[in-house]
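Let me begin by presenting the structure, written as structure tokens, before commenting on it.
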Amino acid sequence: MKSFAKYLMIGTASLMTVSCEDFLDTTPYDALSPVTTWKTEQDAQKFAIGCYDGWESGNTLLYMDCMSDFGYNNFPWEGFKDQANGNMETSNTGAGFYDYSIIRRCNSFLENIEKVPFANEADKKDLIAQVRTIRAYKYFVMNWMYGGVPIIDNYQSAEEAQVPRKTEAEVRKFIADELDAAIPDLKDAPAERGRIAKGAALALKMREALYYGDWAVAKEKAQQIMDLGQYSLESDYLKLFQVAGQNSKEIILAVQYIPQTKALGTIGQMYNNADGGWSSIVPTHNLVDTYEMKNGKTIDEADSGYDPVHPFKGRDPRLAMTIIYPGADYVKTDGSVAIFNTLDKQINGEDNANYMTIANNASKTGLTWNKYLSPITQYANIWETEACPIVFRYAEVLLTWAEAENELAGPSESVYDKLNQIRQRVGMPKVDKAKYATKDALRKLIQRERGVELAGEGVRRADIFRWDIAKDVLEGTLVCRKGTVSMDSSVDPEMRATIDLNASPSDVKIEERHYQKHHRYLPLGQGLYDKNPKLVQNPGYAPFAVK
């Protein structure tokens, strides 16, 4: 299974030998080299693998929730902080998603592949379909983030490449056409982990339709994925995000990394100070507050049993599987089990390396992700890991089917069943059908369920914008919680943290966040306009400076 990740470097190297310099984050503007290497099936395979190298970034996936209410990025230079607090602008765009380098590779592959003979024509069609799906995915990401981008060909000059943006609808049609052409030719199961198979292309079409409210298409594609019979829920939720779970039947597609060849160092940036990390990417208490109680009630429901002084007591088990919270047990680098304490400045008279304000690389929310990090001993080197962030998994398919069906026809036994499969996997009670008997009530449950199930996996920002709740959840003060942690190992981990409900607003403030309607789309940077003067800035942001 790991061989595919190794091939990525070989494939990319092969690709670079037949292409000129990069296109500097805009459309291609110089000519490709002659097609002297397009002779054999092996040549085509190498070029296809080159298209995979960078098709999605594990680094970006792990940072993505920092653009929402569920995550916080402490360092502005990493690019995601200002995309959450509303300070992005033409001169300060934050992390960029406008990138044609992979699309250019795909175009080159598709331009040359037909001249290459294959021993098996079905294998050739499958490879072409994989590359078309990669290209569609890159357009999908840019289209959602920026709202209409150029659709490019291979160009022979910089002037040719200066093309205007297509509308969002036009790009959507291009994506749909690509996927409709690719899906029939893709194999049901991938030859190797990390390869695109039919389920991945269907998942992309499903997600794209869901994001734009095309409920019928979203449900149809979710159903087709289920009908493939290739995927099922992993019994152990936390295992999904560990090295041990990378071959789970729940995973439809993940970005592949292996040490010494193509490693993921972002994992090191996620650990807290005491474990040698940077706390660059941390969860927020907004996420903590989203989890239900174990009895299925929300924390603000009467008789839920929620205690704000002990907020981690009696919660949905996914909270502890997703977040390392104050008082929780966690595994240290030497394999020993310790109590996670971010609330006390000193422990036994010594400075606490994990205290929220003791260092820049201590978690400012007092929380750390458990997903992908637990246990730390699974990695020989946290800065060079084999973590493989998930792009699509089967739980999202069930959630999408449920959401789409509820929007189309309201509550039904089938909708409840899909939700119950996910909830009961972690020991949560079945959906209370009496309480969630209407479309509106069930919609809120589905949104909450999707939020906690997929937390930290990069879909939250899209969800809050498509549900039109971005202003509700992004506007205001992002806060931490103050208190103390019992270091007595005999105490229930859920009860070790005692929160000070009278802490002053200044003590718990992390940052102010501001929301404006135009934040739905990200700004394009000045440098992109300088390369392509036909680009038009998104509304609400400062216009490009004309030189």
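Numbers here are sequence positions counted from 1. None of the values given here were measured: they were computed from a predicted structure.
Considering only residues two or more places apart in sequence or on other chains, Trp144 meets the ring-ring contact (aromatic ring centres under 6.0 Å, His included) condition with Tyr211, Tyr212. Asp69 pairs by the side chain to side chain donor-acceptor pair (under 3.5 Å) definition with Arg460, not counting sequence neighbours. Qualifying side chain to side chain donor-acceptor pair (under 3.5 Å) partners for Ser68, counting only residues two or more places apart in sequence or in other chains: none. By the ring-ring contact (aromatic ring centres under 6.0 Å, His included) test, Phe97 pairs with no residue at all, sequence neighbours left out. Residues passing the salt bridge (charged side-chain N to carboxylate O under 4.0 Å, His left out) test with Lys221: none are found, sequence neighbours excluded. A search for salt bridge (charged side-chain N to carboxylate O under 4.0 Å, His left out) contacts involving Asp417 returns nothing, not counting sequence neighbours. Residues meeting the salt bridge (charged side-chain N to carboxylate O under 4.0 Å, His left out) test with Glu250, sequence neighbours left out: Arg393, Arg425. For Phe118, the ring-ring contact (aromatic ring centres under 6.0 Å, His included) criterion is met by no residue, not counting sequence neighbours. Contacts of His518 classified as ring-ring contact (aromatic ring centres under 6.0 Å, His included), with partners at least two apart in sequence or in another chain: Tyr541. Partners of Arg513 by side chain to side chain donor-acceptor pair (under 3.5 Å), not counting sequence neighbours, listed by chain and number: Glu511.
Considering all non-hydrogen atoms of both residues, Gln230 and Ala189 come closest at OE1-CB, 3.5 Å. For the pair Ala48 and Leu127, the tightest heavy-atom approach, listed with the atom from each and the gap, is CB-CD1, 3.6 Å. Across all their heavy atoms, Pro150 and Leu535 have their closest contact at CG-CD2, 4.0 Å.
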Atom pairs and distances, side-chain donor-acceptor, residues 468-475, under 3.5 Å, sequence neighbours left out:
{"unit_1": "Glu475", "atom_1": "OE1", "unit_2": "Tyr515", "atom_2": "N", "d": "2.7"}

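Within the structure, the salt bridge (charged side-chain N to carboxylate O under 4.0 Å, His left out) test picks out the following pairs touching residues 123-132 (sequence neighbours left out): Glu114-Lys124, Asp123-Lys187, Arg132-Glu178.
Atom NZ of Lys173 has 12 or fewer neighbouring heavy atoms from other residues, nucleotides or ligands inside a 6.0 Å radius.
Panel note: side chain Asn73, backbone Phe80; a donor-acceptor pair is recorded below 3.5 Å.
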